[in-house]
Amino acid sequence: MTEVVPDHKWRRPSTDASRKSLERVQNIIGDFDADHTMKYYDYWSEHYEQDLENLDYKVPDFMAESLFSFLSPSNWTDKSFTVLDIGAGTGQMAIALSKIQYAGLIDALDGNSLMLKKAQSKNLYRNLTRHLLTTESPLPHDSNAYNVVVCCCAMVPALIQPECLPDMVRVVKCGGLLYFTTRATDGNNSFRARVDEQLNRMYESGLIRFKSEAVIPQYSWPVEEIGEDGQKHFIAAVAICVEKIKSSD
Ligand SMILES: C[S@@+](CC[C@H](N)C(=O)[O-])C[C@H]1O[C@@H](n2cnc3c(N)ncnc32)[C@H](O)[C@@H]1O
């Protein structure tokens with residue numbers, strides 16, 4: 001079981017800009033419906049990338065680097081290797097992959113057109129699809145289609161629901177990976193239990209096996225906030241990787 005960072009250990013950012021950025025992150029923590037969430041991203045799309053910079057957001061880099069270690073060098077340089085980035089936002093995952101010379105193809109899927117427009121401007125994706133993923137509206141992709149499916153910081157209460165995990169696994173090729181994050185905080189415990197329930201069900205049916213689980217810093221604070229312990233304090237995310245070991249029908 002992953003270590004959970006207690007909510008009281010979160011530090012407040014110390015500059016006006018970073019305080020405002022954290023406020024925008026916190027505005028979308030809650031049980032909001034999809035309509036509210038998408039309207040919020042219409043607004044946030046204009047500030048999103050600056051907010052990530054202010055808060056020292058490094059999750060896509062962590063995921064890209066660990067994916068590199070999970071895959072073989074020949075996968076990494078294979079121009080026909082395929083990654084689907086679910087909840088792609090403004091394209092941070094594609095930027096992180098390209099920084100470490102991933103040579104294959106990346107498709108993006110996101111429910112918000114303004115976020116996707118920013119992702120498109122990076123010229124790193126093959127296809128970009130606007131689609132709101134829910135249990136009622138599954139992914140518009142074939143089964144067993146992608147070598148890797150990633151979902152970075154989009155599986156949290158107001159965004160993509162744990163009950164969508166089986167559909168996310170459906171589009172992964174047999175032998176491929178699903179790699180996603182959720183929050184590792186007290187406040188996310190019941191959501192995390194729903195994640196585990198879905199994963200355990202797929203494990204028990206012989207569809208997946210567990211490959212890796214790691215806690216990663218999600219946001220860390222400006223240097224002047226570093227405490228007497230000399231450590232940066234952060235909200236944590238947990239990154240979970242599973243391998244698909246049986247093709248979907
Ligand atoms: C916190 S952002 C993460 C973006 C990117 N992966 C990153 O790491 O910067 C979450 C993204 O998920 C998208 N999203 C939220 N709910 C969604 C859903 N049900 N289906 C598809 N995309 C969704 C939002 O529009 C937003 O762009």
Side-chain angles (χ1 to χ4, degrees), residues 21-67 83-99 106-122 124-125 127-141 148-168 171 178-183 185 188 191 194-195 216-219 235-239:
S21 296
L22 183 66
E23 201 181 300
R24 276 193 280 265
V25 171
Q26 289 180 317
N27 282 343
I28 198 64
I29 299 177
D31 284 321
F32 304 115
D33 63 25
D35 193 40
H36 174 96
T37 298
M38 288 302 116
K39 283 197 181 114
Y40 189 72
Y41 275 98
D42 283 347
Y43 154 74
W44 200 12
S45 59
E46 273 313 304
H47 305 275
Y48 186 80
E49 290 180 309
Q50 186 60 54
D51 287 346
L52 299 188
E53 209 180 307
N54 291 345
L55 294 170
D56 203 12
Y57 173 76
K58 297 277 188 279
V59 188
D61 296 294
F62 176 96
M63 289 186 83
E65 281 157 26
S66 40
L67 253 188
V83 171
L84 174 63
D85 182 9
I86 297 180
T90 58
Q92 302 306 307
M93 198 63 226
I95 292 171
L97 287 168
S98 72
K99 269 198 248 170
I106 318 173
D107 289 343
L109 177 135
D110 199 284
N112 186 278
S113 53
L114 297 180
M115 295 290 277
L116 265 188
K117 207 167 154 200
K118 298 216 178 259
Q120 187 166 29
S121 72
K122 312 294 186 302
L124 293 170
Y125 290 101
N127 298 314
L128 296 100
T129 305
R130 188 173 87 80
H131 179 87
L132 190 71
L133 174 61
T134 66
T135 48
E136 290 78 38
S137 64
L139 293 165
H141 299 97
V148 173
V149 169
V150 288
C151 182
C152 180
C153 296
M155 182 158 295
V156 286
L159 311 185
I160 297 171
Q161 300 305 302
E163 290 71 24
C164 294
L165 282 165
D167 191 44
M168 291 159 73
V171 304
L178 168 67
Y179 193 26
F180 70 97
T181 62
T182 188
R183 284 180 174 235
T185 56
N188 204 44
F191 189 86
R194 285 167 53 205
V195 167
I216 45 176
Q218 196 166 357
Y219 316 109
I235 300 176
V238 55

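Heads up: numbering here begins at 1 and tracks the sequence. Start at 1 and go down the list; that is how both ligands and their atoms are numbered.
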### Task
Report the residues that fulfil side-chain contact (heavy atoms from CB on, under 4.5 Å) with Ser98, sequence neighbours left out, ordered by chain and then residue number.
Leu124
### Spacing of Leu133 atom CG and Met168 atom CE [to the nearest 0.5 Å]
6.5 Å
## Note on the structure
Applying salt bridge (Lys or Arg N to Asp or Glu O under 4.0 Å) to Glu53 and not counting sequence neighbours gives none
#### Entry: No-hydrogen, no-angle side-chain donor-acceptor test under 3.5 Å, Tyr219 and Ser21
no
### salt bridge (Lys or Arg N to Asp or Glu O under 4.0 Å) partners of Asp31, counting only residues at least two apart
none
### Message
Angle between ring planes, Trp44 versus Tyr41, binned at 30° and 60°: parallel, tilted or perpendicular?
### Response
tilted
### Summary
At a 4.0 angstrom heavy-atom cut-off, ligand 1 is contacted by Met38, Tyr41, Tyr48, Tyr57, Pro60, Gly87, Ala88, Gly89, Gln92, Asp110, Gly111, Asn112, Met115, His131, Leu132, Leu133, Cys152, Cys153, Ala154, Leu159, Ile160
